[in-house]
S.K.: 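Could you have a look at this structure, given as C-alpha cells, before my questions?
Just so you know, residue 1 is the first one in the sequence shown, and it goes up from there.
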Amino acid sequence: LKVRIGFECGQPLFPAGPVAMVAELKTLVSGMQADLTALREELAALRSSLDASGCLSQETFLLELQRQRCGARARVPIRPTNCQFADLLAVEGVATACAEAGTWASACALLGTCRTIARSLGQQPQLFPGLPVAVSHDVFLWHPVLGTVQPLPGPLPIGFWRQASAGIAGRFYMCGGSGPGWSPRPNLDCFDQLTASWHALPPMSHGRERHSATALGGKLYVCGGSGSQARTAERFDPVAGAWSQLPLMSFARGCHGAAALEGKLYVCGGLMPDRSSGDGTVERFDPALGTWEQMPPMPRQNPRCRAVALGGKLLVLSHPFRCVTTVESFDLAKGIWTELHHLALADHVGWLHEAAAWKGKLHVVFGSSWNSPLTSMHRFEPRTEIWEQVPLVLRELEL
C-alpha cells in the first residue's frame with residue numbers, strides 16, 4: 001500500500017489530482033476489506049481443521065494469541081509513574097482499609113468480590129468490624145483499631161460465662177459456657193452480621209466451659225475445658241455444618257490460651273484439671289497431619305492466659321487475677337521463649353476480656369470484673385515493650 005499510494009522515484013502516483021486519488025483509495029480499501037474477510041474465513045477453517053485433527057485445540061490457540069497480544073502491549077513504552085507494581089497487587093490492603101472505615105454491610109460485601117480478598121479478610125475477623133466480647137448476658141463488638149465497643153442486638157443465647165468465641169468470615173461463633181445451674185453447655189450459637197441475628201448450630205459433642213475457640217483455615221477449633229473434657233478437642237466446619245473429633249491433646253487444660261499461627265493451632269498454659277496450679281506446657285496441632293506436637297514449655301506457669309499471633313510470633317498474656325503480669329513471646333524459627341515485659345500492667349487494671357493483634361501491636365480490653373461493662377483498652381508495642389491506654393468509646397451498632 002505504501003508503494004501504491006506513496007511516492008515512487010520522487011513522482012506522485014496520482015497525477016490526475018485529489019479526486020482521482022480519493023477514488024483510487026476507496027478502491028484500495030474495498031479490496032483490502034475483501035481480502036481481510038477472506039483471511040478470516042481461511043483462518044476459521046484452519047482452526048477448525050486443526051482442532052478436529054487434534055493438532056491444535058481452540059484453548060491452546062487462544063492462549064497463545066493472548067500471549068502474543070500481551071507481549072505486544074508490553075513493548076509499548078509506559079509513561080513513568082511513582083506507583084510500584086507491588087502496590088497494584090495489594091488488593092488485600094485496599095480491602096482492609098475499606099473494611100476498617102465501612103459498616104457491617106460494606107465490610108461483608110467485600111467478602112464476595114474475589115477469593116483473594118475473601119481469604120485475606122476471613123483471617124481478620126476484627127475487620128467486620130469487631131471481635132465478639134461476652135460480658136455476663138451481653139455481647140459487644142470490640143473494634144481494636146477504632147477503640148469502640150458496640151452492643152449486639154438480641155435476643156441473645158444464654159450462658160455467657162466461661163464461654164469461648166471466634167469470628168470466621170463475617171460470622172461470630174460462641175460455644176459452650178456455663179448455663180443454668182452452672183452446668184457446661186454444648187451449644188454453638190452464631191451471629192450473622194448480614195442479617196444481624198443469632199441462630200443455633202449443631203452442638204458440640206459435650207458441654208464445655210473454660211475452653212478455647214480458635215478460627216483456623218475457615219474452621220472453628222475448640223479445645224480443652226474443665227472436667228472430663230480437659231484433654232479433648234473438636235472442629236466445626238461451617239460449610240458442612242458438622243463437628244469432627246480431633247486426637248486427644250497431650251495435656252489436660254482449661255482457662256488456657258490458643259492462637260492460629262502459620263497454618264497451625266497453638267494451645268498454651270492454663271489450669272491443671274484439679275485447678276490447684278498453673279501449667280506452662282505448649283502444644284500445637286497440624287491440620288494437614290491431624291496430629292499434636294509438644295513444643296518448648298513457657299518460662300512461667302500461666303494458670304489463666306490469652307494467646308495471640310503477632311508478627312510471626314506467638315504472644316502469651318498471663319492474667320491470673322486483675323492484671324496482665326507477663327507477656328511472653330515464642331519465636332517459631334528459633335524455638336525459644338522470651339519474656340517481653342514483666343509486670344506490664346499494674347494491678348487493678350481490670351478483668352481481661354479479649355486480646356487481638358493488629359498492625360504490629362497488641363490490643364487488650366478490660367472490664368472492672370467478669371460481669372461488668374467494658375471500661376478500658378490498652379495497646380502494647382512489643383518492640384519497645386511499652387503499654388499505653390487508649391480511649392474506649394461505646395457507640396450504637398451501624399448496619
Side-chain angles (χ1 to χ4, degrees), residues 123-126 131-134 162-168 172-177 184 188 204 206 208-226 229-237 243-273 278-287 290-298 300-310 312-320 324 326-330 332 337 352-357 362-364:
Q123 297 171 354
Q124 305 174 69
Q126 64 270 31
L131 292 169
V133 180
R162 300 169 179 167
Q163 83 298 326
S165 60
I168 302 176
F172 300 144
Y173 297 86
M174 306 197 74
C175 56
L188 174 64
M204 298 180 289
H206 303 279
R208 294 181 187 269
E209 61 178 6
R210 297 188 175 95
H211 52 294
S212 64
T214 311
L216 172 61
K219 296 180 175 61
L220 181 69
Y221 288 77
V222 178
C223 303
S226 58
Q229 307 306 316
R231 283 190 61 194
T232 63
E234 49 192 315
R235 175 176 56 200
F236 179 74
D237 186 340
W243 290 90
S244 59
Q245 295 295 316
L246 301 181
L248 292 176
M249 295 187 293
S250 302
F251 302 94
R253 63 182 82 241
C255 297
H256 53 280
L261 180 59
E262 296 186 0
K264 297 180 181 180
L265 175 65
Y266 289 79
V267 181
C268 316
L271 282 170
M272 301 294 287
D279 186 7
T281 62
V282 180
E283 52 190 311
R284 71 180 178 187
F285 180 76
D286 188 338
T291 57
W292 290 96
E293 175 187 5
Q294 294 187 34
M295 305 298 294
M298 295 180 288
R300 296 173 177 268
Q301 293 183 346
N302 294 308
R304 290 182 177 85
C305 59
R306 295 271 183 175
V308 178
L310 177 62
K313 296 182 179 180
L314 183 67
L315 297 186
V316 177
L317 292 78
S318 178
H319 59 103
V324 174
T326 58
V327 179
E328 296 171 278
S329 172
F330 180 69
L332 270 65
W337 286 92
L352 178 60
H353 281 286
E354 189 57 84
L362 175 66
H363 300 75
V364 293

S.K.: Which value, rounded to the nearest 0.5 Å, describes the distance between Cys223 atom SG and Leu246 atom CG?
M.R.: 7.0 Å
S.K.: State, with a plain yes or no, whether a side-chain heavy atom of Trp292 is found less than 4.5 Å away from one of Gln294.
M.R.: no
S.K.: Looking only at heavy atoms, which two atoms of Asp237 and Lys219 are closest? And how far apart?
M.R.: OD2-CE, 3.6 Å
S.K.: Decide side chain to side chain contact (heavy atoms under 4.5 Å, CB included) for His211 and Gln229; before the verdict, give the C-alpha distance in whole Å, the side-chain angles of both, and the deciding distance to 0.1 Å.
M.R.: CA-CA 9 Å; His211 52 294; Gln229 307 306 316; over 6 Å; no
S.K.: Looking only at heavy atoms, which two atoms of Gly167 and Phe172 are closest? And how far apart?
M.R.: CA-CD2, 4.1 Å
S.K.: How long is the straight-line distance from CG of Leu261 back to OG1 of Thr214, given to the nearest 0.5 Å?
M.R.: 12.0 Å
S.K.: State, to 0.1 Å, how close Leu220 and Ala213 come at their nearest heavy-atom pair, and which atoms those are.
M.R.: CD1-CB, 4.0 Å
S.K.: How long is the span from the CZ atom in Arg284 to the CD atom in Glu262, to the nearest 0.5 Å?
M.R.: 8.5 Å
S.K.: Can you tell if the side chain of His256 reaches within under 4.5 Å of the side chain of Phe251, non-hydrogen atoms only?
M.R.: no
S.K.: Closest heavy-atom contact between Gly269 and Arg253?
M.R.: O-NH1, 2.8 Å
S.K.: Please round to the nearest 0.5 Å and tell me the distance separating atom NZ of Lys264 and atom CG of Leu314.
M.R.: 13.0 Å
S.K.: Could you check if a side-chain atom of Leu317 sits within less than 4.5 angstrom of a side-chain atom of Cys305, using non-hydrogen atoms only?
M.R.: no
S.K.: Is a side-chain donor-acceptor pair under 3.5 Å present for Arg208 with Thr232?
M.R.: yes
S.K.: Could you tell me the separation between the SG atom of Cys255 and the CZ atom of Arg306, rounded to the nearest 0.5 Å?
M.R.: 10.0 Å
S.K.: Is there a side-chain contact between Asp286 and Glu293 (heavy atoms, below 4.5 Å)?
M.R.: no
S.K.: Are Tyr221 and Pro287 close enough that some pair of their side-chain heavy atoms sits under 4.5 Å apart?
M.R.: yes
S.K.: Any side-chain heavy atom of Tyr173 within less than 4.5 Å of one from Ile168?
M.R.: yes
S.K.: Side-chain contact test, heavy atoms from C-beta onward, threshold under 4.5 Å: evaluate it for Arg300 versus Ser318 and give yes or no.
M.R.: no
S.K.: Restricting to non-hydrogen atoms, name the atom on Gly290 and the atom on Pro247 that form the minimum distance, rounded to 0.1 Å.
M.R.: O-CG, 3.3 Å
S.K.: Show the nearest heavy-atom pair for residues Val308 and Ala357, with the distance to one decimal.
M.R.: CG1-CB, 3.3 Å
S.K.: Quick check for you: to the nearest 0.5 Å, what is the distance between Trp243 atom CH2 and Leu188 atom CG?
M.R.: 5.0 Å
S.K.: Under a 3.5 Å distance rule, please check whether His206 uses its side chain to pair with a backbone N or O of Pro184 as donor and acceptor.
M.R.: no
S.K.: What's the verdict on side chain to side chain contact (heavy atoms under 4.5 Å, CB included) for Trp337 and Val316, showing C-alpha distance, side-chain angles and the deciding distance?
M.R.: CA-CA 10 Å; Trp337 286 92; Val316 177; 3.8 Å; yes
